[in-house]
There are 2 protein chains.
Amino acid sequence: MKEKELRRSLAVLPIGTVMKLASLSARQIRYYEEQGLIQPERNAGNRRMFSLNDVDRLLEIKDYLADGINMAGIKEIYAQQQQKAAQQAEALAQPLTDIDVRRILHDEFLNIGGLKTKDGPEYPTH
Amino acid sequence: MKEKELRRSLAVLPIGTVMKLASLSARQIRYYEEQGLIQPERNAGNRRMFSLNDVDRLLEIKDYLADGINMAGIKEIYAQQQQKAAQQAEALAQPLTDIDVRRILHDEFLNIGGLKTKDGPEYPTH
DNA sequence: TAAACAATGTGATATTTTCTTACATGAATG
DNA sequence: CATTCATGTAAGAAAATATCACATTGTTTA
């Protein structure tokens, strides 16, 4: 459902609303933004505008903090999530060609013998 | 789905957001409220706060106006809709008892012969 | 046709909300 | 014990919104 995701990512909420929805102070919300955990948009007057997804993430952050995880930990969690998502996106965007598959299989066989060099093979692979 | 309806009726949007979402001026939105077509909530500082349902209704109003229907007409439309909804709510709240059903059936049979009096039967129906 | 009405624009002024920046603070941590 | 982390708080500026009044432009109506 693409339209739903679009609606959830629409930046339509001012910080006052988000404070109530997430039960967080403005200071906390701005601090989490400063730490890169959320990226609310800005309107023409420089006011932060949040989406429902932002609210969800803030609630998540709150849970993590309640569980004793600190900013660094939460950052790492989101960094890994993003990395995984990026990999999946890449896989979807550029499915392997036959040539890729053949080269990968070739390299796998080479690696079996523990012969792999740090900079990659010094010989032509095909 | 009860939760969805709840979310759509949450008053979380300031008028500036609603102006963009519905492509209406603040003057228009306030005027439609003055006419009783919408009833946005107010926050602690007297600012109007709108729900997604409010936005939907504003878009509807816009369509009606574009179709040449004036305020009075739109008011009437919503009055009738509300009346119908009230009836349905009442019907749901007080489902028919067996006795109701028997009386209704009884009356139906009476009506078949075209014998029904204007003020209803003058005789006991059960 | 003049007057009235309907729907909206515009301007003034007050209040509320949000912004940034800076400093304060208690708890955890090395 | 000195730092760092996460948050509170205060000040001053800028933006958003409120109400109220008057203006404008079509459309009815007497």
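By convention in this document, chain letters (A, B, ...) are assigned in the order of the sequence lines, proteins followed by strands, and residues within each chain are numbered from 1. Just so you know, these numbers come straight off a predicted model, no measurement behind them.
- Both A:L58 and A:L37 are part of a single hydrophobic cluster, where members link through side-chain heavy atoms under 4.5 Å apart.
- The separation between B:L37 atom CG and C:dA7 atom C1' is 12 Å, rounded to whole Å.
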Walk me through whether B:L52 and B:R7 qualify under side-chain contact (heavy atoms from CB on, under 4.5 Å). CA-CA 8 Å; B:L52 288 177; B:R7 247 175 309 176; over 6 Å; no
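- The shortest distance between the side-chain N/O atoms of B:Y31 and the OP1/OP2 oxygens of C:dT8 is not below 4.0 Å.
- Under a hydrophobic-cluster definition in which Ile, Leu, Val, Met, Phe, Trp and Tyr are linked whenever side-chain heavy atoms come within less than 4.5 Å, directly or via other members, A:I15 and A:M49 are assigned to different clusters.
- With A:F50 as reference, A:I29 is the one residue of A:L21, A:V12, A:I29 to meet the side chain to side chain contact (heavy atoms under 4.5 Å, CB included) rule.
- In this structure, B:T17 has no side-chain hydrogen bond (donor to acceptor under 3.5 Å, both in side chains) partners at least two apart in sequence or on a different chain.
- For B:L24 and C:dT8, the CG to P distance is 8 Å, given to the nearest whole Å.
- Going from atom OH of B:Y32 over to atom C1' of C:dG9 covers 13 Å, rounded to whole Å.
- Whole-Å rounding puts the B:N43 CG to D:dA16 P distance at 16 Å.
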Contact list (N/O, under 3.5 angstrom) for nucleotides 18-25 of chain C vs protein:
| from | atom 1 | to | atom 2 | distance (Å) |
| --- | --- | --- | --- | --- |
| C:dT18 | OP1 | A:G16 | N | 3.0 |
| C:dT18 | O2 | A:R47 | NH2 | 2.4 |
| C:dC19 | OP1 | A:R48 | N | 2.6 |
| C:dC19 | OP1 | A:R48 | NH1 | 3.2 |
| C:dC19 | OP2 | A:R30 | NE | 3.3 |
| C:dC19 | OP2 | A:R30 | NH2 | 3.2 |
| C:dC19 | OP2 | A:R48 | NH1 | 3.4 |
| C:dC19 | O5' | A:R48 | NH1 | 3.2 |
| C:dC19 | O3' | A:R42 | NH1 | 3.4 |
| C:dC19 | O3' | A:N46 | ND2 | 3.3 |
| C:dT20 | OP1 | A:R42 | NH1 | 3.1 |
| C:dT20 | OP1 | A:R42 | NH2 | 3.3 |
| C:dT20 | OP2 | A:R48 | NH1 | 3.1 |
| C:dT20 | OP2 | A:R48 | NH2 | 2.7 |

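- Nucleotide D:dT19 holds its P atom 13 Å from the CD1 atom of B:I29, rounded to whole Å.
- Hydrophobic clustering places A:L10 together with A:V18 (ILVMFWY residues linked when any side-chain heavy atoms are closer than 4.5 Å, directly or through intermediates).
- In this structure, B:A44 and B:Q35 both approach DNA chain C, and ranking their closest nucleotides by distance from the 5' end singles out B:Q35.
- When all heavy atoms of A:L59 and A:A22 are compared, the pair lying nearest together is CD2-CA, 3.8 Å.
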Its contact letters, B for base, S for sugar-phosphate only and - for none at protein heavy atoms under 4.0 Å, make nucleotides 24-30 of chain D read -------
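- Using modelled atom types, one finds no donor on one side chain facing an acceptor on the other under 3.5 Å when comparing A:Q83 with A:Q87.
- In terms of heavy atoms, A:N43 sits closest to A:G45 at OD1-N, 2.8 Å.
- Residue pairs satisfying the side chain to side chain donor-acceptor pair (under 3.5 Å) criterion with at least one member in residues 19-29 of chain B, sequence neighbours excluded, are listed as follows: B:S25-B:Q28.
- The NZ atom of B:K20 sits 8 Å away from the P atom of D:dA16 (whole-angstrom rounding).
- Residues from residues 66-74 of chain A that place a heavy atom under 4.0 Å from any atom of DNA chain C: there are none.
- Pairs passing the salt bridge (Lys or Arg N to Asp or Glu O under 4.0 Å) check and including a residue from residues 47-72 of chain B, sequence neighbours excluded, read B:R8-B:D56, B:E33-B:R48.
- Between the P atom of C:dT8 and the NZ atom of B:K62 lies a distance of 11 Å, rounded to the nearest Å.
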